[in-house]
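We count ligands from 1, going down the list as the structure has it; atoms in each ligand are counted the same way.
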Amino acid sequence: MSEKKNPSPSKFETLEVSNFLRQIIDSDLASGKHANRLDSAGKPLPSVITRFPPEPNGYLHIGHAKSICLNFGLARDYAHAPQGARCNMRFDDTNPSKEETEYVDSIIDAVRWLGFDWVEDGVEHQHYASDYFDQLYEFAEKLIEAGKAYIDSQSADEIHKNRGTFTQLGTNSPFRNRAPEENLTLFRDMKAGKYPDGAHVLRLKIDMAHPNIVMRDPVIYRIRHAHHHRTGDKWCIYPLYDFTHCISDALENITHSICTLEFENNRPLYDWVLEALKDIGVFKGPLPKQYEFARLNLTYAITSKRKLLQLVEEKRVDGWDDPRLPTIVGIRRRGFTPESLRLFCERIGVSKADSWIDMSVLEQALRDDLDARAERAFAVLKPLKLIIDNFDPTVEEPCSAPKHPHHEDWGRREFTLTKELWIEADDFMIEPIKGFFRLYPPKDGQPGSRVRLRHGFVIECTGYDTDANGEVTAVHANYFSDSKSGTPESNNYKVKGNLHWVSAKNAIKAEVRIYDRLFTDPHPDSGDKNFLDAINPNSKQVLTAYLEPSLSNVKAEQRFQFERHGYFVADRVDHSAAKPVFNMCVGLKDTWK
Ligand code: ATP
Ligand code: MG
């Protein structure tokens, strides 16, 4: 087995957390269920093979990340199994009109970005259900010959009506007892393009009185005269999911086929198809088995591909990678790291019970990841001028601060303090409210407040300027020349406020985009709500901010903690050194109640 390139777990990710799937795999390994399997070239097959099977009809979202981390994560964690483990990347591209190469590319990017790959011993395990169209067709013919499938010529409406309901049994199609030879001729003619869409379908002959509606002679092939993104116009009949998926799994020697709970009812069909093909000698055991887990439901987010598409198409967001969207490209642009997403998936775990995960769990995973890794910096997001009246206008006082408070070895950032600075407008109040320890002016014979300019001097507020509307335009202060941070004398000054600042002379002007949740309702699309009604009109705010000069050479996707604000990322699309653009990833604390 080649060395695994997939990421080793971060310090937060733990291999020890078990779940029902790991228990199943452990017991399969203990019984040797998948031991001694060989591939078609006679090479031993991995003891555990999972797959991630997206349909390339949209961009992946945070729910898919759960499935990716689960499937690829199992392959990573079972690398120590007797024959190792792997996860295949599989595009479930059986639906010709809805699938596009753009989506295939974006899915590959997303999975790779999350830190996973599908290369084993130099072989790429990237597959397409459409690669199996020939085999699927051949197996369908075999099922017809064995009397296990028939051509139905009822209309779609009739088929639907005759399927019955939960309380009513289905009725047999008048075409159900066609002879295998007739079925075969019709099927071949369907394939040859002799019939229009909808004229016939191929159905499995199972049981129209089965209590599980899925088992009532499911349709497995239909006529679609449509172009396919990979097979072009070769086919005008296409296999359906229930037939394709289990066979793709068997062809790829998947051991554990993991999907979300809504497929629970389809499991008997999955088994039926594979057993039937085993009976006629197509497959031998052990056959792959399907296991279901609860999908991710995240508050304040929408994970329906259709609704995400609607948000994008109606331009309610700025494209698929809008930082407010739970798409993987959006989350990435927002500044999330692959490590934080893997950590999130590890923390939410895997179970069989549906539940909601609070958005704050996702945000906390990012904080926990970035706290230890992101360099610190000063950024003034809502600037107000501070003028130190007793400061020599020709002086640039050198100051420095650690790049990270717990990593002295990362070195220090250098900047200068000058007579005119930018501070946060919020750090000044003309009439301080109780408990406000930042800047306020002298009043009623009491001096103005004293605060420390972080890594600089202590200042005392002496007054402020206003414009014709009474808006504060500048704050005035004096500084204490013996109070510089890092000097022994500085200890003589005890202040409660500690403000960040940047020099007006050499600060970098930058666009900073502050994002809030896209929806005001934690469950925007539950019940019969229209999710568009819950869109937060203030979810994006664009500010002109001032950054400390050490941020002049930042590369796109570099992340920082802007002190007292939160974590920010240089936008991967719009940022450049000439025109810096930062996105807020997440605040320092969870401010949501
Ligand atoms: P569609 O309705 O188009 O099938 P889908 O969300 O199921 O949408 P797929 O491309 O079929 O999209 O999904 C690929 C894999 O990701 C599947 O195995 C699916 O079960 C899993 N998946 C999709 N949504 C979630 C989710 N919210 N949580 C966990 N896994 C998910
Ligand atoms: Mg699906």
Open item on the list: Residue-level breakdown please: for F52 versus ligand 1, do any non-hydrogen atoms fall below 4.0 Å on the side chain, on the backbone, on both, or on neither?
Closed with: side chain
TODO: Would you kindly specify which portion of D92 sits under 4.0 Å from ligand 1, judged on non-hydrogen atoms: side chain, backbone, both or neither?
DONE: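 Neither part.
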Task: Winner among I68, I348, L60, T260 once heavy atoms are compared against atom 19 (C) of ligand 1 - done: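 That would be T260.
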Open item on the list: Judged on heavy-atom distance to atom 9 (P) of ligand 1, which of H245, E262, K305, R306 sits nearest?
Closed with: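 Among H245, E262, K305, R306, the closest heavy atom to atom 9 (P) of ligand 1 belongs to K305.
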Could you tell me, atom by atom, which parts of ligand 1 come under 4.0 Å of a heavy atom of [X]?
X   : answer
P54 : 10 (O), 14 (C)
N57 : 3 (O)
P53 : 14 (C), 18 (O)

Side chains of [X] and [Y]: donor-acceptor distance under 3.5 Å anywhere?
X    : Y    : value
N19  : Q23  : no
D28  : H256 : yes
H61  : T327 : no
Y567 : D369 : no
N265 : R267 : no

TODO: Please determine if R22 and D77 form a salt bridge, counting it only when a charged side-chain N lies under 4.0 Å from a carboxylate O.
DONE: yes
Task: Close N or O approach (G63, ligand 1; < 3.5 Å) - done: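 For ligand 1, there is an N or O atom that lies under 3.5 Å from one belonging to G63.
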Open item on the list: Taking distance alone, with N or O pairs closer than 3.5 Å, would you say L296 contacts ligand 1?
Closed with: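 Between L296 and ligand 1, an N or O pair is found under 3.5 Å apart.
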- [ ] Can you sort out the partners of H125 under ring pair (Phe, Tyr, Trp, His ring centres under 6.0 Å), two or more places apart, ordered by chain and number?
- [x] H127
